[in-house]
Amino acid sequence: MSDEPRLTSPKEVRALLEKLGHRPNKGLGQNYLIDANILDIIANTADIQPLENVLEIGPGLGALTERILPRSGSVTCIEKDPTMAGYLKTRFTGFTLIESDALDVNLDRLFADGITKVAANLPYSVASRLMVDIAECEHRPELMSLTIQKEVADRLCSPAG
């Protein structure tokens with residue numbers, strides 16, 4: 001059995017965050033998704049094939065990462081929080097980590113370089129902007145499997161004005 005904490009256990013996630021000296025940052029829209037059913041839905045609806053390259057935005061502790069990494073050819077993660085980035089480097093191997101704000105990353109270049117899928121639990125503060133930025137890329141992913149907050153979904157579905 002692994003010594004790694006179960007990222008779907010509230011108790012173990014709280015203990016890990018305490019060990020890391022980390023408190024979720026509302027300004028970054030940090031919300032640690034621990035529901036295994038939702039994590040599996042995101043990973044399954046992404047329909048990741050063994051040779052596909054996947055982008056994960058805001059992996060946090062890596063609860064989704066641990067589901068998509070074994071399914072894909074490669075995973076590229078964009079993580080802004082230095083504590084989370086440091087933890088991801090100790091927990092996972094065989095992935096690319098971009099330590100940056102996703103809004104500052106040239107997403108079009110990532111898609112042009114072969115990333116075909118996006119899987120993410122998008123932070124509330126940047127979800128709308130990221131979806132628009134991706135839609136405006138010359139090279140777009142074939143599929144995005146995203147969770148967004150209800151308020152963001154309501155805004156996306158609302159009439160103009």
Side-chain angles (χ1 to χ4, degrees), residues 7-8 13 24-160:
L7 299 177
T8 55
V13 167
N25 182 325
K26 285 187 179 189
L28 295 179
Q30 288 177 325
N31 178 8
Y32 298 101
L33 181 58
I34 59 172
D35 186 317
N37 293 320
I38 294 174
L39 290 161
D40 288 339
I41 288 169
I42 298 168
N44 291 337
T45 58
D47 191 32
I48 300 165
Q49 302 304 308
L51 298 178
E52 287 184 309
N53 302 321
V54 181
L55 174 64
E56 182 181 5
I57 300 168
L61 294 169
L64 180 59
T65 312
E66 70 184 5
R67 283 166 165 73
I68 62 176
L69 199 54
R71 299 175 186 218
S72 67
S74 73
V75 174
T76 298
C77 296
I78 302 172
E79 178 55 61
K80 181 177 181 176
D81 186 294
T83 302
M84 295 299 102
Y87 177 72
L88 290 166
K89 288 184 223 176
T90 67
R91 174 121 187 192
F92 301 103
T93 59
F95 77 111
T96 300
L97 180 62
I98 299 172
E99 297 180 56
S100 178
D101 186 325
L103 297 175
D104 296 332
V105 173
N106 185 337
L107 297 172
D108 192 53
R109 174 167 288 136
L110 291 177
F111 300 134
D113 288 344
I115 290 178
T116 58
K117 304 269 175 88
V118 179
N121 174 36
L122 291 179
Y124 174 80
S125 58
V126 296
S128 297
R129 168 86 187 276
L130 277 170
M131 288 187 289
V132 168
D133 286 356
I134 292 169
E136 291 179 342
C137 286
E138 180 181 348
H139 305 92
R140 288 182 289 280
E142 295 170 10
L143 186 144
M144 295 190 296
S145 179
L146 310 171
T147 55
I148 57 175
Q149 283 69 27
K150 183 181 182 321
E151 296 81 7
V152 175
D154 288 344
R155 279 201 329 259
L156 288 172
C157 296
S158 67

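Hydrogens, waters and symmetry mates play no part in the numbers below; they use all other heavy atoms, side chains included. In this chain, numbering begins with 1 at the start of the sequence shown.
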Which pair of heavy atoms, one from [X] and one from [Y], lies closest together, and at what distance?
X	Y	value
L143	A46	CD2-CA, 3.5 Å
A63	L33	CB-O, 3.7 Å
I148	A127	CG2-CB, 4.1 Å
A43	I68	CB-CG2, 4.1 Å
P70	T65	CD-O, 4.4 Å
L39	I34	CD1-C, 4.2 Å

What salt bridge (charged side-chain N to carboxylate O under 4.0 Å, His left out) pairs are there with at least one residue in [range], not counting sequence neighbours?
range	answer
residues 43-66	E52-K117, E66-R91
residues 142-157	K150-D154
residues 102-115	none

Looking at side-chain heavy atoms only, is the closest gap between [X] and [Y] below 4.5 Å?
X	Y	value
F111	I134	yes
M84	K89	no
T96	S74	no
V152	M131	yes
C77	F95	yes
N53	T76	no
V118	I57	yes
L122	T147	no

Practice task
Kindly say whether A119 contributes a backbone atom to a donor-acceptor pair with the side chain of S145 at under 3.5 angstrom?
Solution key: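 Checked: no pair found.
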Practice task
Return yes if some donor-acceptor pair links the side-chain N/O of E79 with the main-chain N/O of G60 below 3.5 Å, else return no.
Solution key: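 The answer is yes, because a donor-acceptor pair under 3.5 Å joins these two groups.
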Practice task
Could I get the full list of side chain to side chain donor-acceptor pair (under 3.5 Å) partners for T116, not counting sequence neighbours?
Solution key: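 Checked T116 against side chain to side chain donor-acceptor pair (under 3.5 Å); zero matches.
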Practice task
Apply side-chain contact (heavy atoms from CB on, under 4.5 Å) to V105 and L110, showing your working.
Solution key: CA-CA 9 Å; V105 173; L110 291 177; 3.8 Å; yes
Separation between [atom1] of [X] and [atom2] of [Y], rounded to the nearest 0.5 Å:
X	Y	atom1	atom2	result
L55	L107	CG	CG	6.5 Å
Y32	T8	OH	OG1	16.0 Å
L61	L88	CG	CG	7.5 Å

Problem - Sequence-distant partners of D40, side-chain contact (heavy atoms from CB on, under 4.5 Å), two or more places apart - result: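 Partners of D40 under the side-chain contact (heavy atoms from CB on, under 4.5 Å) test: N44, R67.
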Handout entry: With sequence neighbours excluded, residues passing salt bridge (Lys or Arg N to Asp or Glu O under 4.0 Å) with D35
Key =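 Expected list: none.
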